[in-house]
There are 2 protein chains.
Amino acid sequence: MSIQDAPSLSLHCGDCPIRHRAVCARCEVDELQHLEEVKYYRSFEAGQTVTWAGDKMDFVASVVSGIATLTQTMEDGRTQMVGLLLPSDFVGRPGRETAAYNVTATTDLLMCCFRKQPFEDLMLRTPHVAQRLLEMTLDELDAAREWMLLLGRKTAREKIASLVAIIARRDASLKLRSPQGRMAFDLPLTREAMADYLGLTLETVSRQISALKRDGVIELQGKRHVTIPDFDRLLTEAGDDNDGGYLA
Amino acid sequence: MSIQDAPSLSLHCGDCPIRHRAVCARCEVDELQHLEEVKYYRSFEAGQTVTWAGDKMDFVASVVSGIATLTQTMEDGRTQMVGLLLPSDFVGRPGRETAAYNVTATTDLLMCCFRKQPFEDLMLRTPHVAQRLLEMTLDELDAAREWMLLLGRKTAREKIASLVAIIARRDASLKLRSPQGRMAFDLPLTREAMADYLGLTLETVSRQISALKRDGVIELQGKRHVTIPDFDRLLTEAGDDNDGGYLA
DNA sequence: ACAGAACCTTGACCCAAATCAAAAGCAGTC
DNA sequence: GACTGCTTTTGATTTGGGTCAAGGTTCTGT
């Protein structure tokens with residue numbers, strides 16, 4: 001996969017880490033210079049909350065490093081994760097005052113933030129940025145719909161395989177490689193977080209991971225480090241077409 | 001609810017039916033005149049397919065009248081509905097060549113189409129339209145995430161109540177009223193379509209509808225016409241906060 | 001090294017929803 | 001009116017994943 005084809009978040013620029021600067025190749029850097037003056041960084045420790053649903057949220061941001069989750073809860077405590085934020089992902093909604101979801105850091109997290117007002121002003125001035133944001137939002141919508149198929153129709157085993165495949169894909173993409181053959185990486189989520197993402201209980205997650213391990217679909221070193229001997233096999237277990245390209 | 005507050009699809013204009021012209025109040029009509037020359041109508045009979053996932057799709061469109069569904073399928077035939085298109089809803093993705101989902105008319109359907117190329121040109125020229133489209137896409141994303149909570153964590157009874165509440169809300173919105181108290185409308189979907197939307201089987205849908213009827217949460221005249229004696233009661237059954245504002 | 005706290009695994013049992021099966025309602029239409 | 005082909009309801013049975021419970025691992029701080 002070339003840098004041109006890499007999933008791009010062209011909202012990064014300036015002193016952001018190398019990968020973000022690299023994908024910036026696709027955008028007009030000049031326009032983004034306007035954001036330099038309103039850009040700032042925030043870091044969070046693992047477990048810290050970035051925003052609570054309903055709170056005032058006066059910034060938009062993208063993840064520089066670490067992992068955050070986006071969750072929804074019902075009054076009785078049932079929770080469903082609705083998004084996983086990996087490096088280069090964007091969070092926040094222009095034109096909305098309050099956060100719609102709980103955003104929580106699951107690892108140490110560094111975010112690159114822009115105050116909302118200047119960001120919106122920039123969007124109005126530069127159609128290119130608005131265009132890019134639309135593209136990103138449409139990608140997220142596709143991912144959400146793919147997830148609806150998973151939540152509504154897949155078995156527990158397929159759900160786990162799908163999640164592992166998605167993490168594998170994202171990990172490969174961060175390394176600017178295409179996902180195939182043998183791969184190794186860490187699961188960035190606890191069993192409970194996986195359960196919340198997949199609409200399962202943590203016990204079922206644990207059991208199905210054990211089953212996939214027993215059947216040789218995945219290998220485990222410790223609780224979190226995974227090796228996938230055959231990515232296509234994993235996709236078959238996930239019930240996916242082997243060409244699926246959704247990302248989060 | 002005033003016309004100003006009505007959920008707006010400001011992409012309609014000209015000779016579109018009254019409601020769409022009404023909500024056009026929020027947009028600069030002049031800009032949209034550019035689209036008149038590339039606008040055309042297509043009608044479909046109930047059951048007809050608008051697009052197949054993977055097919056070339058050279059237009060974007062919005063629903064004028066009737067109902068369409070957006071579905072995803074796995075190879076073995078399991079299907080999950082990922083969107084319900086009611087009058088004023090938009091479908092199609094600027095910047096993508098092929099359809100990502102099956103779009104099917106479930107009633108007779110009239111769509112207002114724009115060829116993709118001229119539409120994209122207009123978007124580049126008029127930030128206002130791109131802005132509006134971004135807003136709409138973000139709304140759809142919120143709705144999709146709300147649906148993820150439903151699919152992942154709600155019981156069958158809650159799912160049915162949620163679906164009825166959503167249809168009630170949308171119906172009220174088409175009539176420019178706010179959803180409350182006693183309401184009556186037709187379910188635009190078969191039991192099977194509801195099942196595909198909710199991640200259930202059609203038998204479970206039927207049973208839960210019977211149960212809600214028995215418990216006085218809904219009243220049924222025939223198979224499809226529903227009366228809701230108390231909208232708040234319905235929302236409680238749906239497990240929703242009673243202020244939820246998502247739409248589709 | 002040890003205590004305590006997370007986090008994870010496994011087992012036994014249970015239940016909500018799926019599956020299998022049959023019949024009833026309903027709309028065309030010949 | 002009765003034949004045909006839906007859609008819907010209802011019943012009986014099965015089952016995948018939830019719930020409850022007990023241990024085991026790994027990590028952290030002292």
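A note on names: the letters A, B, ... follow the listed sequences, proteins ahead of strands, and every chain is numbered from 1.
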Nearest heavy atoms of B:Ile218 and B:Val226, plus distance in Å: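 Nearest pair, atom of B:Ile218 first, then B:Val226: CB-CG1, 4.2 Å.
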[Y] and [X], any side-chain heavy atoms less than 4.5 Å apart:
X	Y	answer
B:Thr51	B:Phe59	yes
B:Tyr197	B:Lys159	no
B:Lys154	A:Met74	yes

Show me the protein contacts with nucleotides 13-17 of chain D, counting only N or O atoms at under 3.5 Å.
{"residue": "D:dG17", "atom": "OP1", "partner": "A:Ala156", "partner atom": "N", "Å": "2.8"}

Within the distance-only criterion (no hydrogens, no angle test), does the side chain of B:Asp108 pair as donor or acceptor with the backbone N or O of B:Glu45 below 3.5 angstrom?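 It does not hold such a pair.
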Do A:Ser162 side-chain atoms and A:Glu158 backbone N/O form a donor-acceptor pair below 3.5 Å?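 Looks like yes, one N/O pair under 3.5 Å.
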Calculate the interatomic distance between B:Leu220 atom CG and D:dT9 atom C1'; express it in whole Å.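 To the nearest whole Å, that distance equals 12 Å.
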Interatomic distance, A:Arg207 CZ vs D:dG18 P [rounded to whole Å]: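 In whole Å, D:dG18 P lies 9 Å from A:Arg207 CZ.
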Enter the distance from [X]:[atom1] to [Y]:[atom2] here, rounded to the nearest 0.5 Å.
X	Y	atom1	atom2	value
A:Ser62	A:Asp89	OG	CG	8.5 Å
B:Leu70	B:Asn102	CG	CG	8.5 Å
A:Asp142	A:Thr137	CG	OG1	11.0 Å

Heavy-atom nearest nucleotide on DNA chain C for A:Leu202 versus A:Arg153: which residue maps closer to 5'?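 Looking at DNA chain C, the more 5' nearest nucleotide goes with A:Leu202.
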Its contact letters, B for base, S for sugar-phosphate only and - for none at protein heavy atoms under 4.0 Å, make nucleotides 21-30 of chain D read -----S----
Would you give me the side-chain donor-acceptor pairs under 3.5 Å for residues 187-194 of chain B, sequence neighbours excluded?
{"residue": "B:Thr190", "atom": "OG1", "partner": "B:Glu192", "partner atom": "N", "Å": "3.4"}
{"residue": "B:Thr190", "atom": "OG1", "partner": "B:Ala193", "partner atom": "N", "Å": "3.0"}
{"residue": "B:Arg191", "atom": "NH1", "partner": "B:Lys223", "partner atom": "O", "Å": "3.4"}
{"residue": "B:Arg191", "atom": "NH2", "partner": "B:Lys223", "partner atom": "O", "Å": "2.9"}

Report, as yes or no, whether the 6.0 Å neighbourhood of atom NZ on B:Lys175 holds more than 12 heavy atoms from other residues, nucleotides or ligands.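 Enclosed: over 12 neighbouring heavy atoms sit under 6.0 Å from NZ of B:Lys175.
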Under-4.0 Å salt bridge between A:Arg233 and A:Glu237: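 Salt bridge flag = yes for A:Glu237 with A:Arg233.
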With sequence neighbours excluded, what pairs up with B:Arg224 under the salt bridge (Lys or Arg N to Asp or Glu O under 4.0 Å) test?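 B:Arg224: no salt bridge (Lys or Arg N to Asp or Glu O under 4.0 Å) contacts found.
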Over the length of the helix from C:dA1-D:dT30 to C:dC30-D:dG1, how much do the five-pair end axes diverge, rounded to 10 degrees?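 Axis angle across the helix from C:dA1-D:dT30 to C:dC30-D:dG1, nearest 10°: 40°.
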Give me the first and last nucleotide of DNA chain C, going 5' to 3', that has any atom under 4.0 Å from a heavy atom of chain B.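 So the contact region on DNA chain C extends C:dA17 to C:dC20.
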So what does A:Ser206 hit on the nucleic acid, given a heavy-atom distance under 4.0 Å: a base, only sugar-phosphate, or nothing?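 Result for A:Ser206 = base.
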